[in-house]
> 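To start, I am sharing the structure in question, which I have written as structure tokens.
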Amino acid sequence: MTVSAPFLATTTAQLDRFLADNQPAKGRRAVVMTMGALHEGHLELVRAAKEAATQVIVTIFVNPLQFGPGEDYEAYPRTLEADLALLTEAGVDAVFAPSPQEMYPDTRPLVTVSAGHIGTVLEGAIRPGHFDGMLTVVLKLLNLTRPDLAFFGQKDAQQLLLIQRMVKDFNLGVKICPVPIVRQEDGLALSSRNSYLSQEERETALTLSRALTAAQLAAQRGATAGQARAVAAQVIEQIAGLTLDYLVVVDPQTIAQADEDYRGSALTLIAARVGSTRLIDNMPVEIAP
Ligand code: AMP
């Protein structure tokens, strides 16, 4: 079977032309936003989008606004050619891969989105301004691609919640579709940043999903939120070479930390540094009544 390459737009004018010339049936345009260095996690979003929509646009943009000083903006892997090959195989209709100048002609936008309180806790506490920058680019990309559906991974749980809130709070009229985390067989959540890990660091990084699984199992056996968290913390404590940023059991609707004796549906969130690589992961926990 021959597959044709997606339309590649690097400017907003080119994207506009594609959108004007290719109107899908009503309600049927989907967007998948990425920073590139694509892996199976991204491709799962594309597959879900293709199933739900007749036209799929993938954006590839390493957004400078969401990186803080000293973070990996410059080092972040940029693999456009390989990404385009994967997206050709995946059968997407268009790729929007703008330059930073195209997205931010004035270097930084004067007006940005504020993520509010949720933007200042957990990831937001460690990466100040990250979620404001992320929401600003998501809003821009939604306005540029004008989709009916937008697919985001549950891997970035706090990001997903904030996007859902922005869409609701600003009446953006796009349906946000969450996609479960894709993992490797041994449990490691796929991430473009995994390419930074040495073989030894990758072993260490497995602790994140092991700790989350331990919390999940403890909850199934009757542990409260506090007890499930403690079980996960024990798994982490035994491991050298891993610096924990946070490990929390939260209410998935608000990302507020669950009380020690909370029972019900919750989410365990973890963030840690392995060497100089920062990794995040999460897993649902059903705390039995
Ligand atoms: P990124 O390129 O890291 O900004 O991610 C782009 C989108 O892919 C976001 O919606 C992520 O949540 C999603 N994503 C990244 N890794 C995974 C994964 N392992 N499983 C599911 N979705 C993912």
Side-chain angles (χ1 to χ4, degrees), residues 30-52 56-68 71-73 75-80 82-84 86-87 90 92 95-98 100 103 122-123 127 130-142 145 147 149-167 174-197 202 205-206 208-209 212-213 252 255 267 269-271 277-284:
V31 68
V32 174
M33 298 181 190
T34 80
M35 298 205 298
L38 300 183
H39 51 65
E40 268 302 312
H42 298 115
L43 296 177
E44 186 66 21
L45 267 60
V46 170
R47 278 191 285 272
K50 282 210 44 127
E51 239 167 68
V56 176
I57 302 175
V58 173
T59 69
I60 299 179
F61 181 59
V62 185
N63 174 32
L65 283 195
Q66 70 190 67
F67 287 78
E71 289 189 357
D72 58 345
Y73 175 67
Y76 199 85
R78 289 162 172 85
T79 59
L80 185 61
D83 293 348
L84 289 175
L86 288 171
L87 294 175
V92 314
V95 174
F96 179 50
M103 287 295 274
L122 301 171
E123 277 303 282
R127 306 183 68 189
H130 166 69
F131 286 123
D132 294 357
M134 178 279 292
L135 288 179
T136 300
V137 83
V138 168
L139 182 59
K140 272 178 81 87
L141 290 170
L142 287 173
T145 57
L149 313 167
F151 288 75
F152 292 92
Q154 289 174 342
K155 162 97 182 349
D156 299 275
Q158 197 173 356
Q159 162 175 298
L160 175 61
L161 174 67
L162 280 166
I163 292 167
Q164 285 168 325
R165 286 308 307 241
M166 175 172 75
V167 165
V174 56
K175 184 172 179 221
I176 301 300
C177 308
V179 177
I181 300 179
V182 178
R183 301 178 179 280
Q184 293 197 300
E185 257 175 38
D186 56 11
L188 185 69
L190 292 179
S191 161
S192 304
R193 289 191 170 98
N194 290 353
S195 65
Y196 300 151
L197 299 169
R202 196 188 171 286
L206 281 176
L208 273 75
S209 58
L212 294 173
T213 308
I255 236 104
L267 198 60
L269 302 177
I270 190 167
T277 306
R278 216 170 153 273
L279 299 170
I280 61 171
D281 198 353
N282 68 81
M283 228 176 254

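Read the numbers this way: they start at 1 and go in the same order the structure lists the ligands and their atoms.
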> Do any N/O atoms on S191 end up under 3.5 angstrom from N/O atoms on ligand 1?
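No.
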> Using a 4.0 Å heavy-atom cut-off, say whether L160 meets ligand 1 through its side chain, its backbone, both or neither.
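No part of L160 is near ligand 1 at this cut-off.
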> State the atoms of ligand 1, each with its element, that fall below the 4.0 Å cut-off from a heavy-atom position in I181.
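Listed by number with element: 20 (N), 21 (C).
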> Using side chain to side chain contact (heavy atoms under 4.5 Å, CB included) as the criterion, point out the one residue from L38, L43, V182 that pairs with L190.
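When side chain to side chain contact (heavy atoms under 4.5 Å, CB included) is applied between L190 and each of L38, L43, V182, only V182 qualifies.
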> State the CZ-SG distance between F152 and C177, to the nearest 0.5 angstrom.
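Between atom CZ of F152 and atom SG of C177 there are 9.5 Å.
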> Between ligand 1 and R183, can you find any atom pair, the residue atom being a heavy atom, that is separated by under 4.0 Å?
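Outside the 4.0 Å threshold, so no.
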> In Å and rounded to the nearest 0.5 Å, what is the CD1 to CG distance from I176 to L161?
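These two atoms lie 11.5 Å from each other.
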> To the nearest 0.1 Å, how far is atom 11 (C) of ligand 1 from its closest protein heavy atom, and which atom is that?
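Scanning the protein heavy atoms, the shortest distance from atom 11 (C) of ligand 1 goes to D156 OD2, 3.1 Å.
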> Between S192 and Y76, what is the shortest heavy-atom contact and its length?
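Looking at all heavy atoms of both residues, the closest pair is CB-OH, 3.2 Å.
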> Look at atom 23 (C) of ligand 1 and say which protein heavy atom is nearest, naming residue and atom and giving the distance to 0.1 Å.
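For this ligand atom, the closest protein heavy atom is K155 CB, 4.0 Å.
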> Based purely on interatomic distance, does M35 place a nitrogen or oxygen under 3.5 Å from a nitrogen or oxygen of ligand 1?
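Right, the criterion is met.
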> Hey, is ligand 1 close enough to A189 that some N/O pair sits below 3.5 Å?
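No, there is no polar N/O contact under 3.5 Å.
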> Report, in ascending order of atom number, the atoms of ligand 1 lying under 4.0 Å from any heavy atom of T34.
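Those of ligand 1 that fall under 4.0 Å from T34 are 2 (O), 6 (C).
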> Considering non-hydrogen atoms only, spot the tightest contact between A30 and F151 and give its length.
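The answer is CB-CE1, 3.8 Å.
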> Near F152, which atoms of ligand 1 are under 4.0 Å from a heavy atom of that residue?
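So the answer, numbered in order with elements, is 10 (O).
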> List ligand 1 atoms under 4.0 Å from L190, heavy atoms only on the residue side.
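Those of ligand 1 that fall under 4.0 Å from L190 are 16 (N), 17 (C), 18 (C), 19 (N).
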> Do the side chains of D132 and R127 get close enough for a salt bridge, i.e. N-O under 4.0 angstrom?
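Salt bridge absent between D132 and R127.
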> Atom CD1 of I60 and atom CG of L84: how far apart are they, to the nearest 0.5 Å?
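Here the interatomic distance stands at 5.5 Å.
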> Kindly compute the distance separating CE (M33) from NZ (K140), expressed to the nearest 0.5 Å.
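Rounded to the nearest 0.5 Å, the CE-NZ separation comes to 12.0 Å.
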> Output yes when the distance from some N or O of ligand 1 to some N or O of H42 is under 3.5 Å, and no in every other case.
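Yes - when backbone and side-chain N and O of H42 are compared with those of ligand 1, one distance drops under 3.5 Å.
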> For the residue pair Y73 and N63, confirm or rule out a side-chain donor-acceptor distance under 3.5 Å.
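Judged by distance alone, the side chains do not pair up.
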> Could I get the full list of ring pair (Phe, Tyr, Trp, His ring centres under 6.0 Å) partners for H130, not counting sequence neighbours?
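Scan of H130 (ring pair (Phe, Tyr, Trp, His ring centres under 6.0 Å), adjacent residues dropped) gives none.
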> Can you tell me how far the CD1 atom of I255 sits from the CD atom of E123, to the nearest 0.5 Å?
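Atom-to-atom, I255:CD1 and E123:CD are 10.0 Å apart.
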> Go through ligand 1 atom by atom and flag the ones less than 4.0 Å from a non-hydrogen atom of L45.
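Within the 4.0 Å cut-off of L45, ligand 1 contributes 7 (C), 8 (O), 10 (O), 13 (C), 22 (N).
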> Considering only non-hydrogen protein atoms, determine which one is nearest to atom 7 (C) of ligand 1 and report residue, atom name and distance to 0.1 Å.
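Answer for atom 7 (C) of ligand 1: M33 O, 3.5 Å.
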> Starting from atom 20 (N) of ligand 1, find the nearest protein heavy-atom neighbour and note its residue, name and distance.
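Result: V182 N, 2.8 Å.
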> Do me a favour and list the nearest non-hydrogen protein atom to atom 15 (C) of ligand 1 with residue, atom name and distance?
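The protein heavy atom lying closest is H39 CE1, 3.9 Å.
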> Among S192, G153, A37, which one has a heavy atom closest to atom 10 (O) of ligand 1?
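Heavy atom nearest to atom 10 (O) of ligand 1 belongs to G153.
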